[in-house]
Novice: 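Below: one structure in structure tokens.
Every chain is numbered from 1 and lettered A, B, ... according to where its sequence line falls, protein lines coming before strand lines.
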Amino acid sequence: MNGVHDLGGTDGLGPIDPKDDEPAFRSDWEKAVFTMLPATLARGFYNLDQIRFGLEQMPPGDYLTSRYFEHWLYTIESNCIRTGVIDPDELDQRTRHYRLNPDAALPEGGDAAVATLVETVCRMGASARREIEGAPRFSVGTRVRVAADHPYGHTRRARYIRGKTGVIDLVHDAFVYPDAAGNGLGEDPAFVYTVRFDAAELWGPETAAPNSSVCFDVWEPYIQAV
Amino acid sequence: MNGVHDLGGTDGLGPIDPKDDEPAFRSDWEKAVFTMLPATLARGFYNLDQIRFGLEQMPPGDYLTSRYFEHWLYTIESNCIRTGVIDPDELDQRTRHYRLNPDAALPEGGDAAVATLVETVCRMGASARREIEGAPRFSVGTRVRVAADHPYGHTRRARYIRGKTGVIDLVHDAFVYPDAAGNGLGEDPAFVYTVRFDAAELWGPETAAPNSSVCFDVWEPYIQAV
Amino acid sequence: MTSIQIPSRIAGPYPRSEEDIAARVKALEALMIEKGILTTEAVDRVSAIYENEVGPQIGARIVAKAWTDPEFKQRLLADATAACRELGAGGLQGEDMLVVENTDTVRHVVVCTLCSCYPWPVLGLPPNWYKYPAYRSRMVREPRVVLREEFGLDVPDSVEIRVWDSSSELRYWVLPQRPAGTDALGEEELARLVTRNSMIGVGDPDRPAS
Amino acid sequence: MTSIQIPSRIAGPYPRSEEDIAARVKALEALMIEKGILTTEAVDRVSAIYENEVGPQIGARIVAKAWTDPEFKQRLLADATAACRELGAGGLQGEDMLVVENTDTVRHVVVCTLCSCYPWPVLGLPPNWYKYPAYRSRMVREPRVVLREEFGLDVPDSVEIRVWDSSSELRYWVLPQRPAGTDALGEEELARLVTRNSMIGVGDPDRPAS
């Protein structure tokens, strides 16, 4: 989808103002939200690409102004509701309870195996790399153009590279295809390539930074040789 | 600039929910803000393209969530400050005054000619059409491509038509060039054309609405024959 | 290669509550009055124009005339600005108008994706939905879905949809098709059938009461 | 007089105050605990990993080893995931890593314009500026301006800048150049010079105290 999340090259977002020494989490709720991600991914309720698609569907004004873990909350919540893991009415009811009683305790206990599972997911990860039949269609040095169309679902084809021409710099293994997995259409793995685009191709010679390029990873269906 | 104001083809903005019978203005402040536009344009403090550029520079989260006349307030205020018409400290001070005393009166009196001038601007308008030397370079039926680069300043080249090919449907007179006037570079008028783009060219055949097209007005410098 | 700095010209956070905005506007208004740029009379007179005088009934009258006077219709399609002037319509945001005509095979619809351009002198100030992000973003990308789901207008695929994105100072608006069963009606009765939405292109004229 | 309504799939308006968010999260947490998906112990253990254990000091150690051990450096550039595993580094969001090496003629810098992908196992969780819209929007469009004005890094035009937009599941990070005057330093002292920003590509390693 053409969302405001697709920020590459958008102007007007203001200064970056980098800070050092920020804490990993700023509150207990951030820790809980963070842990919900590996916990639910481990259980297979949805996949990482669906989590990303959920982020993208956050109302644009909220997306641009809320904090990072609010984005996570949004997508975990909407994905859990979508998949029936959580009942929205129950969630609303429980939210009112904790809003009125902020110090009310969480339910106790639970299986000790849960913590071990979630910790294992964090420590081991889960690669999206897949073995597939066949060989990559393109090789290093091939000039390719990225498809210029505008799908409605989840995609990793940023708008700023659509229709643009670059050169393949790296050929990788096959990985889960986000345009399938993010839209609930299976893994459909495809080869991934790093395509290097001259800044002038992306932004035009007048505003492009001199002597610079962007390396962008594409899945094979995104590109055609030119 | 590539701002969030450039909404053509952005997804995720939700339902339109059209209503009938809305009032022209919902509050007194909307009337005042509305009148400030012709009043300040009439005095030549800035031009309409600079007003538009001011709108585009509203913080993106605000742009997407605030009401229309808040946008106007933003650009009138920032343009008046930029051009020295209004002193920002004085404005802040006076704002505090009226915030604490909402019923405090406005200054009285003023020249009766002001109301006449502003009313005349509304009734007569001020065309951006200009006589220029020379003839249009392109004619009806010519296939043209829109330049694909990304200027930082004000432009009317929406992102969704950049790099796209269409056919000239109408050839108009010359008009003030927003990429000049909006950036304080004079009027530099140029011929305007209506270019018709097939929906499939704009969005790709898979998601384009069947049998539909978009007519978009471009200034001559935006396009090249293909 | 300069970055565009969002002007932090406005001190402090942008005001958002109704009271904050009203105070800000009143302050700006006061300063403009003191500098001789504005008067309260100007505010009253200008807002009265768009509240009481200029609105879609003006466009409707023009459409009705075009439906009943073939020569006027020809002039309207050839030079809308001049034809509207004949009927006393014109002014700010309608200095250069173009009227596009719906037919059995083509339907036109108007949008402004970059801001909210709209032909004020014939349609009045635009409704909120025309100005807000959803309409502006979606109309160029999915016109059939928008017309069907948001405006209840099911346009068959055999009819072309042409969306006019008002990107220049030309102000487009639509001459809708005259409804069937209106042969007996005069200009004034016809004008009452012409809706604002039908001149934006997102609706049809009303049908005559049977 | 409603302002723009943007729909959400979530019932009710999206919560925004700290108290509202905390209550919402606690409710979600409670339901997940009851359903056996989550425990408070899991939250404690996972957050402890990223608070106390996994952070840029891990990447720094790897960089220092690459600076002092040419064969390790070769392995790191050939297969970063495997080389990091040698040193016990790996896991979520670092399943498939690639290290790109700064030279006298090319500087690399990492961004994720579409979300906030980042190599957690070697750099820890990303700083806010990395995740927020300004960095994500500007780094691909005006890298030299961003590096100079926001990070104080003036890269001469003779040095190519290559921006890596982390659009796939490959996680890129930067092997910065070893600072001059560090010939006498051991791996541990070198690691202390390697900053998080130098591995994102928006900074240089610290210089040794003279």
Novice: Under 4.5 Å from any heavy atom of chain A, what part of D:Arg107 do you find: side chain, backbone, both or neither?
Specialist: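 Neither part, no heavy atoms under 4.5 Å.
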Novice: A:Arg26 versus chain D, heavy atoms under 4.5 Å apart: side chain, backbone, both or neither?
Specialist: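 Side chain only.
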Novice: Among A:Pro102, A:Ala126, A:Ala199, who wins on heavy-atom pairs under 4.5 Å with chain D?
Specialist: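 If we count pairs closer than 4.5 Å to chain D, A:Ala126 comes out on top.
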Novice: Taking atom types as modelled, is there a side-chain donor on D:Ser167 or A:Asp217 under 3.5 Å from an acceptor on the other?
Specialist: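 D:Ser167 vs A:Asp217: no donor-acceptor pair found between side chains.
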Novice: Check whether D:Tyr172 gets within reach of chain A through its side chain, its backbone, both or neither, counting any heavy atom under 4.5 Å.
Specialist: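 Contact with chain A involves the side chain of D:Tyr172 alone.
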Novice: For a quick test of reading the model, state the closest non-hydrogen atom pair linking A:Cys122 to D:Ile49 and the distance between them.
Specialist: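 Answer, listing the atom of A:Cys122 first, then D:Ile49: CB-CD1, 4.3 Å.
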Novice: Which region of A:His97, side chain (C-beta onward) or backbone (N, CA, C, O), has a non-hydrogen atom less than 4.5 Å from a non-hydrogen atom of chain D, or is it both or neither?
Specialist: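 It is neither, since no heavy atom gets under 4.5 Å.
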Novice: Just to verify, which of A:Val121, A:Thr35, A:Leu37 counts as forming a side-chain contact (heavy atoms from CB on, under 4.5 Å) with D:Val46?
Specialist: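 Output: one option passes, namely A:Thr35.
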Novice: Is A:Asp198 in contact with chain D via its backbone, its side chain, both, or neither, using a 4.5 Å heavy-atom distance?
Specialist: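 Nothing of A:Asp198, per the 4.5 Å heavy-atom cut-off to chain D.
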Novice: Please determine, among A:Arg52, A:Arg43, A:Glu56, A:Glu30, the option with the most heavy-atom pairs under 4.5 Å with chain D.
Specialist: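 Winner by heavy-atom pair count: A:Arg52.
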Novice: Go through A:Pro38, A:Ala104, A:Ser27, A:Gly54 and name the one with the most non-hydrogen pairs under 4.5 angstrom from chain D.
Specialist: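 Winner by heavy-atom pair count: A:Ala104.
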Novice: Does any heavy atom of chain A fall under 4.5 Å from the side chain of D:Thr40, the backbone, both, or neither of them?
Specialist: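 When you check distances to chain A, only side chain atoms of D:Thr40 fall under 4.5 Å.
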Novice: At a heavy-atom separation under 4.5 Å, does A:Phe197 approach chain D through its side chain, its backbone, both, or neither?
Specialist: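 No part of A:Phe197 comes within 4.5 Å of chain D.
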Novice: With only heavy atoms counted, which part of A:Leu64 is less than 4.5 Å from chain D, the side chain, the backbone, both or neither?
Specialist: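 Interface part for A:Leu64: both.
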Novice: Closest heavy-atom contact between A:Pro210 and D:Arg144?
Specialist: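 So the minimum-distance heavy-atom pair works out to O-NE, 2.8 Å.
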Novice: Side chain, backbone, both or neither: which part of D:Ser166 has an atom under 4.5 Å from a heavy atom of chain A?
Specialist: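 Backbone of D:Ser166 only, per the 4.5 Å heavy-atom cut-off to chain A.
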Novice: Which region of A:Lys31, side chain (C-beta onward) or backbone (N, CA, C, O), has a non-hydrogen atom less than 4.5 Å from a non-hydrogen atom of chain D, or is it both or neither?
Specialist: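 When you check distances to chain D, atoms from both the backbone and side chain of A:Lys31 fall under 4.5 Å.
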Novice: In terms of heavy-atom proximity below 4.5 Å to chain A, should D:Val146 be classed as side chain, backbone, both, or neither?
Specialist: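 Only the side chain of D:Val146 comes within 4.5 Å of chain A.
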Novice: Looking at A:Arg156 and D:Leu114, what are the two nearest heavy atoms and their distance?
Specialist: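 In terms of heavy atoms, the two residues are closest at O-CD1, 3.4 Å.
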Novice: Please check this pair: side chain of A:Trp203 against backbone of D:Val140, looking for a donor-acceptor N/O pair closer than 3.5 Å.
Specialist: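 Pair found, side chain donor or acceptor close to backbone of D:Val140.
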Novice: Got more than 12 heavy atoms from elsewhere within 6.0 Å of CZ, D:Arg207?
Specialist: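 Open: at most 12 neighbouring heavy atoms sit under 6.0 Å from CZ of D:Arg207.
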Novice: For D:Ile37, is it the side chain, the backbone, both or neither that has a heavy atom under 4.5 Å from a heavy atom of chain A?
Specialist: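 Both parts, heavy atoms under 4.5 Å.
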Novice: Heavy-atom distance under 4.5 Å to chain D: side chain of A:Leu170, backbone, both or neither?
Specialist: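 Side chain only.
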Novice: Below 4.5 Å from any heavy atom of chain A, which atoms of D:Arg45 appear? Answer side chain, backbone, both or neither.
Specialist: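 Only the side chain of D:Arg45 comes within 4.5 Å of chain A.
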Novice: Quick check on A:Asp49 against chain D: is it the side chain, the backbone, both or neither that has a heavy atom closer than 4.5 Å?
Specialist: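 Only the side chain of A:Asp49 comes within 4.5 Å of chain D.
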Novice: Is D:Glu34 salt-bridged to A:Arg94, cutoff N-O under 4.0 Å?
Specialist: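 Salt bridge flag = yes for A:Arg94 with D:Glu34.
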Novice: With a 4.5 Å limit on heavy-atom distance, are the side chains of D:Glu53 and A:Arg123 in contact?
Specialist: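 D:Glu53 vs A:Arg123: side chains touch.
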Novice: Any sub-3.5 Å donor-acceptor pair from D:Glu51's side-chain atoms to A:Ala24's backbone N or O?
Specialist: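 Answer holds: no.
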Novice: Is it the side chain or the backbone of A:Thr116 that comes within 4.5 Å of chain D heavy atoms, both, or neither?
Specialist: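 Both backbone and side chain.
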Novice: Given a strict heavy-atom distance threshold of 4.5 Å, which part of A:Asp111 is in contact with chain D: side chain, backbone, both, or neither?
Specialist: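 It is the backbone, since no side chain atom gets that close.
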Novice: Is it the side chain or the backbone of D:Lys131 that comes within 4.5 Å of chain A heavy atoms, both, or neither?
Specialist: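 Looking at D:Lys131, just its side chain touches chain A.
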Novice: Sort A:Ile161 into side chain, backbone, both or neither according to what part of it lies under 4.5 angstrom from a heavy atom of chain D.
Specialist: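 Contact with chain D: none, neither part.
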Novice: Please rank A:Ala128, A:Ala32, A:Gly110 by heavy-atom pairs under 4.5 Å with chain D and give me the top one.
Specialist: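 Most heavy-atom pairs under 4.5 Å with chain D: A:Ala32.
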Novice: With a 4.0 Å cut-off, would you call D:Arg141 and A:Asp11 a salt bridge?
Specialist: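 Answer for the salt bridge query: yes.
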Novice: At their closest point, which heavy atom of D:Glu95 faces which heavy atom of A:Gly125, and how far apart are they?
Specialist: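 What the structure gives for the nearest pair is OE2-CA, 3.2 Å.
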Novice: Locate the shortest heavy-atom distance separating A:Lys19 from D:Trp129; write the atom from each residue and the value.
Specialist: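 Here A:Lys19 and D:Trp129 meet closest at N-CD1, 3.4 Å.
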Novice: Hey, is A:Arg67 close enough to D:Glu18 for a salt bridge, meaning N to O under 4.0 Å?
Specialist: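 Yes, this pair counts.
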Novice: Are the side chains of A:Pro107 and D:Glu29 in contact, using a 4.5 Å heavy-atom criterion?
Specialist: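 No; the side chains remain at least 4.5 Å from each other.
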Novice: If I measure from the heavy atoms of chain D, does A:Val4 come under 4.5 Å with its side chain, its backbone, both, or neither?
Specialist: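 For A:Val4, no heavy atom lies under 4.5 Å from chain D.
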Novice: Using heavy-atom distances under 4.5 Å, tell me whether A:Val192 contacts chain D through its side chain, its backbone, both, or neither.
Specialist: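 For A:Val192, side-chain heavy atoms alone lie under 4.5 Å from chain D.
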Novice: For A:Asp17, does its backbone N or O pair with a side-chain atom of D:Glu150 as donor and acceptor, under 3.5 Å?
Specialist: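 Judged by distance alone, yes, a pair lies under 3.5 Å.
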Novice: With under 30° as parallel and over 60° as perpendicular, where do the rings of D:Tyr50 and A:Phe34 fit, or are they tilted in between?
Specialist: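 Rings of D:Tyr50 and A:Phe34: perpendicular, as their planes differ by over 60°.
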Novice: Can you list the steps and then say if D:Asp96 with A:Phe175 is a side chain to side chain contact (heavy atoms under 4.5 Å, CB included)?
Specialist: CA-CA 10 Å; D:Asp96 297 282; A:Phe175 286 80; 3.7 Å; yes
Novice: I'd like to know if the side chain of A:Asn211 pairs up with that of D:Glu160 as donor and acceptor (distance under 3.5 Å, no hydrogens or angles considered).
Specialist: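 No.
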Novice: Out of A:Asn101, A:Ile16, A:Leu41, A:Thr65, return the one with the most heavy atom pairs under 4.5 angstrom to chain D.
Specialist: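 Top count of heavy-atom pairs under 4.5 Å with chain D: A:Ile16.
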Novice: Which heavy atom of A:Ala39 sits nearest a heavy atom of D:Leu38, and at what distance?
Specialist: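 Closest approach of A:Ala39 to D:Leu38: CB-CD1, 3.6 Å.
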Novice: Could you go step by step and tell me if D:Ser168 and A:Tyr193 meet the side-chain hydrogen bond (donor to acceptor under 3.5 Å, both in side chains) rule?
Specialist: CA-CA 9 Å; D:Ser168 78; A:Tyr193 304 85; over 6 Å; no
Novice: Tell me which of these, A:Phe25, A:Phe45, A:Tyr68, has more heavy-atom pairs under 4.5 Å with chain D than the rest.
Specialist: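 Among the listed options, the one with the most contacts to chain D is A:Tyr68.
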Novice: Taking the basic N atoms (NZ, or NE/NH1/NH2) and the acidic carboxylate oxygens, is any pair closer than 4.0 Å for A:Asp92 and D:Arg24?
Specialist: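 Salt bridge between A:Asp92 and D:Arg24, a charged N being under 4.0 Å from a carboxylate O: yes.
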